[in-house]
Amino acid sequence: MSVLEIKNLQVSVITEAGNKEILRGVDLTVKSGETHAIMGPNGSGKSTLAYSIAGHPKYLITGGSVTLDGNDVLEMSVDERAKAGLFLAMQYPVEVPGVSVSNFLRTAVTAIRGEAPKVRTWVGEVKEAMASLNIDTAFSERNVNEGFSGGEKKRHEILQMELLRPKIAILDETDSGLDVDALRIVSEGVNRVKANSDLGVMLITHYTRILRYIKPDFVHVFANGKIVEEGGPELADKLEEQGYAAYITA
Amino acid sequence: MSQLTTNYLTPTGREEAWRFTPLKKLSGIHDLEVPVSDRISLSAKSDLPKGVTLSTSSSSDHPPAYVASDIVTNRVRKEVKNVTVLAIENNLELAEPIFLKRKCGPTPEVSRSIIQVGINSRATVILENNGVGKLGEEIEILLSAGSSLNFISLQEWDLSSVYVAQHHAIIGKDAQFNSYVVSIGGSTIRMSPTVEYTGTGASAEMYGVYFATDEQHLEHRIHVNHSVPNTKSRVNYKGALAGKGAHTVWIGDVYINKGAEGTDTYELNRNLLLTDGARADSVPNLEIETGEIVGAGHASTTGRFDDEQLFYLQSRGIPAEMARKLVIRGFFAEIINKLKNEDIEERLMARIELELSRVGE
């Protein structure tokens, strides 16, 4: 049982024109097995929340705390956060020249698990995970995210999540740019990991579409850098009908 | 192409051929005023197989087999009294590589060698350049008809060393020349792997890997001269740079002369900047005088290992230092794996990683 606890988190983005406040006091607790949908209009700060939890260097934490099972996440380096059990599926996964997918996956899993996976079982493990996400095995020899289509990048993110077995995963707009078939495959992947590992999920999305496939236990409406309304799955239905207009203040 | 054979002068740095090279760091190898020794620096690392000899003889018995335009090459020819000759007799198939080792002295020196591969013979020669040295060199590589040579030169010099070399291959009918250049060590390296063809069906594959760190200058000037019909060349050099003042230069000159119908050539250079403060110059150049060719192309790219890539790898649990190693290993693997010698491959990657870990110190 793991708990990610975000308390009064305040974050600014570092830009050449100076620092700009984005998050204005976010409170959120995600436990193992729970799925939290974070919904909000563009520019509300949802992605900033995801990236500052993962430790992206362009964000400056100005107040509040983030802990995973009581340990101070904000004190950890980016790789330590991953080792502690956090995973961020990115909206725009980065291309890494010169590094093949197979080499990347093996190195990441070795770093996270603390030992190299056994060659015999590892090959099977990767093959099975790739097959269930409809990823061609030829992918292994390609460079990480280089020349991948939008859908391939997202499936590759979920593949990593499946192999790295995090405690809490943050999915940042994983549904964006996916057609119906790809959305279903990716969602099934998330549900499979949840079923197998008691994963806690923070699902960041603009649209309710993905919630038809991944059922949230809680829905949080995000606007202007903080959570402005919370509820159960029924809140998503209300957003589907009414949109975000009510939460956007001029 | 200008042919400077006599009355050559010390370069000033303003010449096209010298504009990238830090002349001050060459220890006078290029400077006709600075005396150089012509001691023999090359020897066999172990017993040579039957049919192979390594000897020295008067340079007057071995006049140059081609016209050289490089000033240092011409200086080497003028100063060296005794050339080192590695001769591989006809119809010899060598399964094991021939290792040549280098031992330089403390002062500037020059060396001239000739590698002769007999008709239909197949061999691999590995030249290990290491230790301290300030060396100007010419190696003439003569491939007889139907022969095949893998020539591997490993620049694992001490970080204070200077090396200016031309390795020129003359490839006979249906002969195959494979060149592998790996440059990691040395303060300043300026290498000119050059090839020409004397018979149809001749082919050259030229691969290179270079890794420059703080204040290192690694320059590779490839020159391929297609002058007879139906010859082939492939050039693929990959370089990575890390640290302030790391500088690499890659020049890829390919000439397809009038009589070279049926030429098939492609050259490629990729550079990877691992940190700020490093500079990679890349100048591919293709000159074509006949339209009757199979193919001719070139490509050059310089990419950057940036903060977003580092963040991505770290977010998957990979520490920053390991992330850089991963990127560099992956980048070089394509070419390093072609050496087909696991001990050397591991040794080179270990040296690269050691230097990477010392960047900025």
Side-chain angles (χ1 to χ4, degrees), chain A residues 14 50-59 76-115 141-146 153 156-157 159-161 163-166 169-170 172, chain B residues 207-211 236-242 268-276 278 280 282 299-338 345 348-349 352-353 356:
Chain A
I14 301 167
Y51 278 85
S52 46
I53 294 169
H56 194 287
K58 86 171 174 186
Y59 297 103
M76 299 176 194
S77 64
V78 175
D79 52 296
E80 285 168 352
R81 295 177 199 211
K83 282 181 201 118
L86 291 174
F87 181 86
L88 170 62
M90 298 188 196
Q91 185 180 0
Y92 302 109
V94 183
E95 296 184 1
V96 189
V99 179
S100 68
V101 167
S102 66
N103 194 6
F104 166 65
L105 292 175
R106 198 178 157 75
T107 307
V109 164
T110 302
I112 297 257
R113 294 184 192 169
E115 59 174 2
E141 297 316 313
R142 289 172 67 181
N143 287 340
V144 172
N145 292 321
E146 212 172 68
K153 283 182 181 173
H156 183 229
E157 293 292 284
L159 173 68
Q160 293 166 49
M161 184 179 83
L163 295 169
L164 296 178
R165 302 175 195 153
I170 304 167
D172 185 21
Chain B
Y207 300 101
V209 158
Y210 49 87
F211 179 54
N236 185 0
Y237 271 64
K238 296 181 95 171
L241 301 85
L268 177 65
N269 176 226
R270 290 194 190 289
N271 293 294
L272 179 64
L273 300 169
L274 291 163
T275 68
D276 288 336
S282 179
S300 163
T301 61
T302 297
R304 184 171 274 284
F305 181 60
D306 64 20
D307 290 346
E308 292 299 328
Q309 291 161 1
L310 183 60
F311 172 73
Y312 188 75
L313 294 173
Q314 279 189 284
S315 78
R316 273 42 176 162
I318 302 169
E321 194 187 337
M322 197 190 290
R324 281 204 182 81
K325 278 188 194 173
L326 187 67
V327 168
I328 224 173
R329 260 192 187 258
F331 182 71
F332 283 148
E334 181 197 347
I335 288 175
I336 297 263
N337 290 349
K338 289 183 192 292
E345 288 168 27
L348 294 171
M349 287 312 306
I352 287 168
E353 287 177 0
L356 182 65

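Residue numbers begin at 1 in each chain, while the letters A, B, ... track the order of the sequences.
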Q | Engaged part of A/Pro166 at the chain B interface, taking heavy atoms whose separation is under 4.5 Å | A | neither
Q: Tell me, out of B/Gly317, B/Gly330, B/Ala320, who's got the most heavy-atom pairs with chain A below 4.5 Å.
A: B/Gly317
Q) So, do B/Phe331 and A/Val99 sit near enough that their side-chain heavy atoms are less than 4.5 Å apart? A) no
Q: Determine which residues belonging to residues 306-314 of chain B lie within contact range of chain A, meaning some heavy atom pair is under 4.5 Å apart, and list them by number or answer 'none'.
A: B/Glu308, B/Gln309, B/Phe311, B/Tyr312, B/Leu313, B/Gln314
Q) What pair of heavy atoms forms the shortest contact from A/Ala89 to B/Arg316, and how long is it? A) CA-NH2, 4.2 Å
Q: Return the minimal non-hydrogen interatomic distance between B/Ser315 and A/Ala82, and the atom names on each side.
A: O-CB, 3.3 Å
Q. How about B/Arg270: does its CZ atom have over 12 heavy atoms from other parts shown lying under 6.0 Å from it?
A. no
**Q.** Heavy-atom closest pair, residues B/Val327 and A/Val96
**A.** CG2-CG1, 3.9 Å
(Q) Please classify the contact between A/Ser100 and chain B as side chain, backbone, both or neither, with a heavy-atom cut-off of under 4.5 Å. (A) neither
Q) chain B: which of A/Ala108, A/Ala111, A/Ala84 shares the most heavy-atom pairs with it under 4.5 Å? A) A/Ala108
Q | Neighbour count >12 (heavy atoms, 6.0 Å) for atom CD, A/Glu146 | A | yes
**Q.** Residue selection (most heavy-atom pairs with chain B, distance under 4.5 Å) from A/Leu88, A/Asn143, A/Leu86
**A.** A/Leu88
Q: Count the heavy-atom pairs under 4.5 Å between each of A/Lys58, A/Glu157, A/Glu95 and chain B, then report the option with the highest count.
A: A/Glu157
Q | Within residues 80-91 of chain A or reaching into it, pairs that qualify as salt bridge (Lys or Arg N to Asp or Glu O under 4.0 Å) - sequence neighbours excluded | A | A/Asp79-A/Lys83
**Q.** Contacting region of A/Val144 [heavy-atom separation from chain B under 4.5 Å]
**A.** side chain
